[in-house]
A.B. asks: 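Structure below; questions to follow.
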Amino acid sequence: MDPLSIGITCPQRSFYERDTSVVARDLLGKKLVRLLAGNSRDQERLVGIITETEAYGGEDDPASHAFHGYTPRNSIMFERCGLSYIYFIYGMYHCMNVSARSKTKQAGAVLIRSILPIEGINRMMVHRNLKNIGDVANGPGKLTRALLIDKSHNGLDLTDCTCSLHIENGKTPRRILAAPRIGISVGTEMDWRFKLS
DNA sequence: CTACCGATTATCT
DNA sequence: GATAATCGGTAGT
């Protein structure tokens with residue numbers, strides 16, 4: 001089915017071509033969408049409202065993967081904005097980011113830390129082998145597993161509504177909380193973690 | 001080539 | 001609160 005014909009729109013590339021912390025804040029309330037392959041007329045949609053994000057910069061941000069410059073792993077952070085940057089961490093989890101940066105920067109990304117499932121919830125629970133819905137996707141490693149996201153999805157165009165992984169527009173949230181980023185040992189001064197409250 | 005360690009999570013005490 | 005699980009990427013030799 002044609003996404004446009006049923007009123008689905010995606011933030012376009014210019015949305016991501018802004019200061020990384022601004023993009024991180026504005027991603028709250030948007031939808032993270034995973035289309036599972038199947039009958040092409042009937043792809044299963046796994047969808048969650050983005051409820052928590054973190055902004056990461058380039059060589060100016062000691063907590064960023066891009067702090068030491070370009071490497072094979074972080075190459076997407078230097079690529080076009082609006083692409084998925086997915087990496088493997090702690091030997092067992094994947095984390096998903098969106099490449100983003102203002103014109104003056106050379107690298108950046110926004111980590112998606114948490115989503116609120118709204119479509120395909122049962123399927124997510126199967127992927128996570130859970131029986132209670134509460135914790136299905138409320139963490140960066142949890143949501144990638146719930147949506148079956150791994151390194152094979154690195155570098156996908158999230159502005160493309162037909163892509164197996166993309167981001168769709170949603171309701172603009174009312175209250176947003178800013179706080180220090182977590183899970184890092186440096187660069188904790190800035191309030192670059194954003195959360196729906 | 002080697003050694004270290006991480007943008008995490010589940011499962012303990 | 002503390003810790004084990006588990007391995008690829010990276011920096012340093």
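So you know, we letter chains A, B, ... as the sequences are listed, proteins then strands, and number each from 1. When reading the values below, keep in mind they use all heavy atoms of this one structure, side chains included, and skip hydrogens, waters and symmetry mates.
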A.B. asks: Quick check on side-chain contact (heavy atoms from CB on, under 4.5 Å): which of A:Ile149, A:Leu143, A:Leu111 does A:Cys95 satisfy it with?
C.D. replies: A:Leu111

A.B. asks: Using the P atoms only, state how far C:dT6 lies from B:dT2, rounded to an integer number of Å.
C.D. replies: 23 Å

A.B. asks: Which heavy atom of A:Ser75 sits nearest a heavy atom of A:Tyr70, and at what distance?
C.D. replies: CB-OH, 3.3 Å

A.B. asks: So which nucleotide from C:dT6, C:dG9, B:dA7 ends up closest to the side chain of A:Arg73?
C.D. replies: C:dG9

A.B. asks: Could you tell me whether the phosphate oxygens of B:dA10, OP1 or OP2, come under 4.0 Å of any side-chain nitrogen or oxygen in A:Arg128?
C.D. replies: yes

A.B. asks: So is the aromatic ring of A:Tyr90 stacked onto the base of B:dG6, judging by whether the centres are under 5.5 Å apart and the planes are under 30° apart?
C.D. replies: no

A.B. asks: Looking at B:dA7, does its base get a donor-acceptor pair with the side chain of A:His65 below 3.5 Å?
C.D. replies: yes

A.B. asks: Between B:dC5 atom P and A:His68 atom NE2, what is the distance in whole Å?
C.D. replies: 13 Å

A.B. asks: A:Lys142 side chain N/O closer than 4.0 Å to the phosphate oxygens (OP1, OP2) of B:dA10?
C.D. replies: yes

A.B. asks: What is the distance from CE of A:Met92 to C1' of B:dG6, rounded to the nearest Å?
C.D. replies: 11 Å

A.B. asks: Between atom CZ in A:Phe67 and atom C1' in C:dG9, what is the gap in whole Å?
C.D. replies: 17 Å

A.B. asks: If we call it a pair only when both distances are under 3.5 Å in a Watson-Crick or G-U wobble match, what pairs with C:dT3?
C.D. replies: B:dA10

A.B. asks: Rounded to the nearest Å, what distance is computed from the CZ atom of residue A:Arg145 to the C1' atom of nucleotide C:dT6?
C.D. replies: 12 Å

A.B. asks: Is there a side-chain polar atom (N or O) of A:Arg113 under 4.0 Å from OP1 or OP2 of B:dT8?
C.D. replies: yes

A.B. asks: Answer yes or no: does a side-chain N or O of A:Thr71 lie under 4.0 Å from OP1 or OP2 of C:dT10?
C.D. replies: yes

A.B. asks: Salt bridge or not for A:Arg123 and A:Glu44, using N-O below 4.0 Å?
C.D. replies: yes

A.B. asks: C:dG9 C1' sits how many Å from A:Ile76 CD1, rounded?
C.D. replies: 16 Å

A.B. asks: In Watson-Crick or G-U wobble terms, both distances under 3.5 Å, what is the partner of B:dA3?
C.D. replies: C:dT10

A.B. asks: Please measure how far the P atom in B:dA7 lies from the corresponding atom in C:dG12, and state the result in whole Å.
C.D. replies: 16 Å

A.B. asks: Rounded to the Å, how far apart are A:Ile112 CD1 and B:dT8 C1'?
C.D. replies: 16 Å

A.B. asks: Name the closest nucleotide to the A:Ile89 side chain, picking from B:dG6, C:dG8, C:dT10.
C.D. replies: B:dG6

A.B. asks: Name the nucleic acid region contacted by A:Ile184, choosing base, sugar-phosphate or nothing; use a 4.0 angstrom heavy-atom cut-off, strictly under.
C.D. replies: sugar-phosphate

A.B. asks: Within the supplied structure, the quantity of interest is the number of heavy atoms (other residues, nucleotides, ligands) at a distance under 6.0 Å from A:Glu119 CD; does it exceed 12?
C.D. replies: yes

A.B. asks: In whole angstrom, what separates A:Arg181's CZ from B:dG6's P?
C.D. replies: 15 Å

A.B. asks: Using a cut-off of strictly less than 4.0 Å, decide whether A:Lys151 has a side-chain nitrogen or oxygen near OP1 or OP2 of C:dC7.
C.D. replies: no

A.B. asks: Give me the ring orientation class for A:His94 and A:Phe88: parallel if the planes are under 30° apart, tilted from 30 to 60°, perpendicular past 60°.
C.D. replies: tilted

A.B. asks: Output the rounded distance in Å from CD (A:Glu54) to C1' (B:dG6).
C.D. replies: 14 Å

A.B. asks: Do you know the tightest heavy-atom contact between A:Tyr87 and A:Asn97?
C.D. replies: CE2-ND2, 3.3 Å

A.B. asks: Base, sugar-phosphate or nothing for A:Gly91? Non-hydrogen atoms, less than 4.0 Å.
C.D. replies: base

